[in-house]
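What follows is one structure encoded as structure tokens, with my remarks underneath.
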Amino acid sequence: MSADQATPREEPEDLVHQRAELVEEEARLQHEAPSEGASRAARALADVAAEPGVPKPDPILVVEDLTRSFGGVKAVQVDHVEVQRGTITAVIGPNGAGKSTFFNLVTGFDRPDSGRWRFDGADITGRPAYRIAGSGMVRTFQLTKALMRLTTLENVMLGATGQRGERLLTAPLRFLWRGQEDQVRQRADALLERFRLTHMRDEFAGTMSGGQRKLLEMARALMVRPSLVMLDEPMAGVNPALTQSLLGHIQGLRDEGTTVVLVEHDMDVIMAISDWIVVMAEGRVIAEGRPDDIRRNKAVIDAYLGTRRELKEDDGEH
Amino acid sequence: MDLLAILSNSVRGAFGPEAAIYALAAIGLNIHFGYTGLLNFGQVGFMLVGAYGTAVPVVAWGWPLWAGVLVGVLCAVLLALLLGFPTLRLRGDYLAIATIAAAEVLRYLYRSSWAEPLTGGVFGLKQFAGGFYAFNPYSGPLDLGWLTFSPRALWVMTVGWGAAFLAAGLVALLIHSPWGRVLRSVREDEQAARSLGKNVFAYKMQSLVLGGVMGALAGALIGINSQALNPDSFMPIITFYLWTIMILGGASRVLAPIVGSVVFWFLLTFLDSALRQAIGTGLVPASVLVASDIGAVRFAAVGLGLMLLMMFRPAGLMGDQKELRLDVR
Ligand SMILES: Nc1ncnc2c1ncn2[C@@H]1O[C@H](COP(=O)(O)OP(=O)(O)OP(=O)(O)O)[C@@H](O)[C@H]1O
Ligand SMILES: [Mg+2]
């Protein structure tokens with residue numbers, strides 16, 4: 001396997017390899033026994049009822065009465081929602097359902113009209129975004145924010161927390177932080193390797209493709225060592241082979257104990273990796289449950305899954 | 001036309017005290033804009049408070065000059081905090097407006113009759129830098145035949161260029177540290193920096209203070225160099241010159257403000273003395289241009305130069321042209 005499959009200049013042979021890998025990965029996901037993390041999550045959620053706003057046994061994030069409107073549009077109106085620690089929780093819903101706005105609110109990037117939320121037991125309502133990130137809840141953006149005129153490596157190294165050299169007074173004194181900087185660089189290199197971005201290491205992030213930027217943003221977020229990572233459409237624009245390995249990474253994170261919340265539109269992906277699914281429509285949580293519960297849920301089929309069928313029928317008429 | 005005289009003037013301009021002082025102020029501006037992306041259109045305001053902060057305690061209260069310089073620096077810190085607190089949480093344009101307005105308001109404040117007991121109002125302050133020249137180690141002029149510098153100018157140049165290179169050295173150390181990495185990430189995308197747990201407001205404030213202090217030191221040197229201060233020598237055009245110097249050198253390059261200042265002052269003095277000679281020898285008839293118009297032509301030429309620069313070499317002399325093309329996608 002070559003390490004630079006993400007490059008645009010792929011040999012045809014490489015494509016064949018990728019295809020094979022994809023098929024393998026899919027087969028693995030379907031047939032292999034669930035990972036330790038997956039079964040741990042399944043056990044934890046076993047007795048939880050599949051209904052909106054249901055309490056979880058060990059929630060890492062608890063949101064109450066969260067509302068945000070833009071003019072007349074009520075973008076978010078969440079009465080109560082909890083995220084179970086150590087799970088992959090997917091947030092799905094039609095375009096404009098309020099998923100990104102919900103992310104913005106709980107991570108401090110937008111101010112709600114009302115509401116409170118707790119992270120890891122502490123009330124973090126109204127805390128500034130950088131402190132929420134520093135306390136271990138890190139998010140990525142739907143529209144990626146690559147730091148263009150920093151190199152790929154610098155982008156990732158920036159994510160490390162508690163860097164002594166980030167203080168103005170110690171910054172000029174290299175000997176105080178050189179050792180730590182070396183460790184940070186090693187960790188960053190390992191992450192680049194994991195996301196197959198090593199060949200871009202010393203290039204400006206601005207030279208990356210859209211999909212590569214998605215990968216970069218995820219690597220950067222992981223550099224913070226978050227206990228909860230919120231990914232807004234991490235797979236959008238990433239090629240299929242890499243999507244599979246990204247899914248592997250996300251499951252790996254969960255297996256290591258990190259809680260993952262992700263927004264995603266691809267239902268096959270969602271059904272394959274989620275431990276729990278929260279469905280939003282018009283700002284509200286309309287359903288919650290395990291993948292099997294959601295597949296059968298009438299409200300979800302009407303509000304979200306159904307739209308696909310309607311679209312297809314529409315297409316047929318033309 | 002005496003070409004040698006024109007050249008000698010230009011070289012004097014390129015390495016003289018003014019070039020050093022502008023380089024120092026532009027290094028401050030480069031921290032603001034080049035590394036943090038802050039739009040400071042009032043760097044001259046920091047120079048003003050630095051200059052008067054230095055002179056007033058000496059003239060009014062008989063303090064030693066070094067204590068005056070310290071007061072000037074503190075004034076700049078205060079100004080940065082006052083400007084930064086209300087604006088640095090908002091979009092970049094607000095700082096731009098606040099700085100441009102503050103610089104002008106300060107100029108009017110310092111020249112007002114209300115402030116006259118301290119600042120000398122429109123008459124300004126004179127002869128406060130004796131403490132500086134008392135330490136002048138140069139006893140004779142530097143004489144290269146075609147170019148001479150007086151011992152006095154040599155002393156200011158030594159301190160001025162020394163300060164500029166020290167400041168550039170400090171910037172180099174800072175920018176290549178994790179602190180500098182955060183600063184550059186703030187320039188690229190504040191939200192991304194925030195999402196990684198960086199206190200963007202604090203970094204912007206540190207940048208504003210640091211660059212402002214360099215402006216204040218440059219202002220102190222302006223006063224020391226001329227031994228006379230007048231609020232009206234701190235016009236908005238100075239900020240405009242500083243931006244030109246920074247862009248000419250190449251924003252976000254450590255040595256760019258120094259290179260930019262040398263080239264800028266060379267060209268400006270060259271134009272000035274070439275025009276003067278041309279008018280003096282009748283090459284340009286008085287019906288076209290008289291000596292008193294030269295100042296205006298100079299402004300126009302700087303503006304034209306800046307435009308050409310932005311069109312044909314936007315990354316400046318030292319900048320990475322590739323880096324500039326990275327922008328939006
Ligand atoms: N800054 C804003 N100003 C005005 N309206 C906004 C703003 N941000 C979001 N909205 C509105 O809020 C609603 C929810 O938007 P949001 O981006 O949260 O949807 P989403 O679920 O993330 O959709 P998608 O799947 O397309 O990303 C939409 O109706 C949108 O028009
Ligand atoms: Mg969205």
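All of these numbers come straight from a predicted model, not from anything done at the bench. Reminder, nothing fancy here: chain letters follow the sequence lines and each chain counts from 1.
Between B:Arg181 and A:Glu154, the shortest heavy-atom contact is CD-O, 3.8 Å. Pairing each heavy atom of A:Pro172 with each of B:Leu173, the nearest pair is O-CD1, 4.0 Å.
Among A:Met137, A:Met157, A:Arg131, the residue making the largest number of heavy-atom pairs under 4.5 Å with chain B is A:Met157. Heavy-atom pairs under 4.5 Å with chain B were tallied for A:Leu168, A:Thr140, A:Ile132; the largest tally goes to A:Leu168. For the options B:Val182, B:Ile175, B:Leu170, heavy-atom pairs under 4.5 Å to chain A are most numerous at B:Val182.
Listed in order of number, the residues of residues 87-98 of chain B that approach chain A to under 4.5 Å between heavy atoms amount to none. Residues of residues 216-234 of chain A that come within less than 4.5 angstrom of chain B, heavy atom to heavy atom, are A:Arg220, A:Ala221, A:Val224 in numerical order. Against chain B, the residues from residues 176-189 of chain A that qualify, each with a non-hydrogen atom under 4.5 angstrom away, are A:Trp177, A:Glu181 in number order. Heavy-atom proximity under 4.5 angstrom to chain A picks out B:Arg194, B:Ser195, B:Leu196, B:Gly197, B:Lys198, B:Asn199, B:Tyr203, B:Gln206 from residues 194-216 of chain B.
The distance from the CD atom of A:Gln163 to the OG atom of B:Ser177 is 9.5 Å, given to the nearest 0.5 Å. Distance check: B:Glu188 CD to A:Met148 CE gives 7.5 Å after rounding to the nearest 0.5 Å. A distance of 10.0 Å separates OG1 of A:Thr144 from CG of B:Asp189, quoted to the nearest 0.5 Å.
Looking at A:Arg167, the atoms closer than 4.5 Å to chain B (heavy atoms on both sides) all sit in the backbone: N, CA, C or O.
With a 6.0 Å radius and a threshold of 12 heavy atoms from other residues, nucleotides or ligands, B:Phe135 has its CZ atom at or below the threshold.
A:Glu166 places no side-chain N or O within donor-acceptor distance of the main-chain N or O of B:Pro178, the cut-off being under 3.5 Å.
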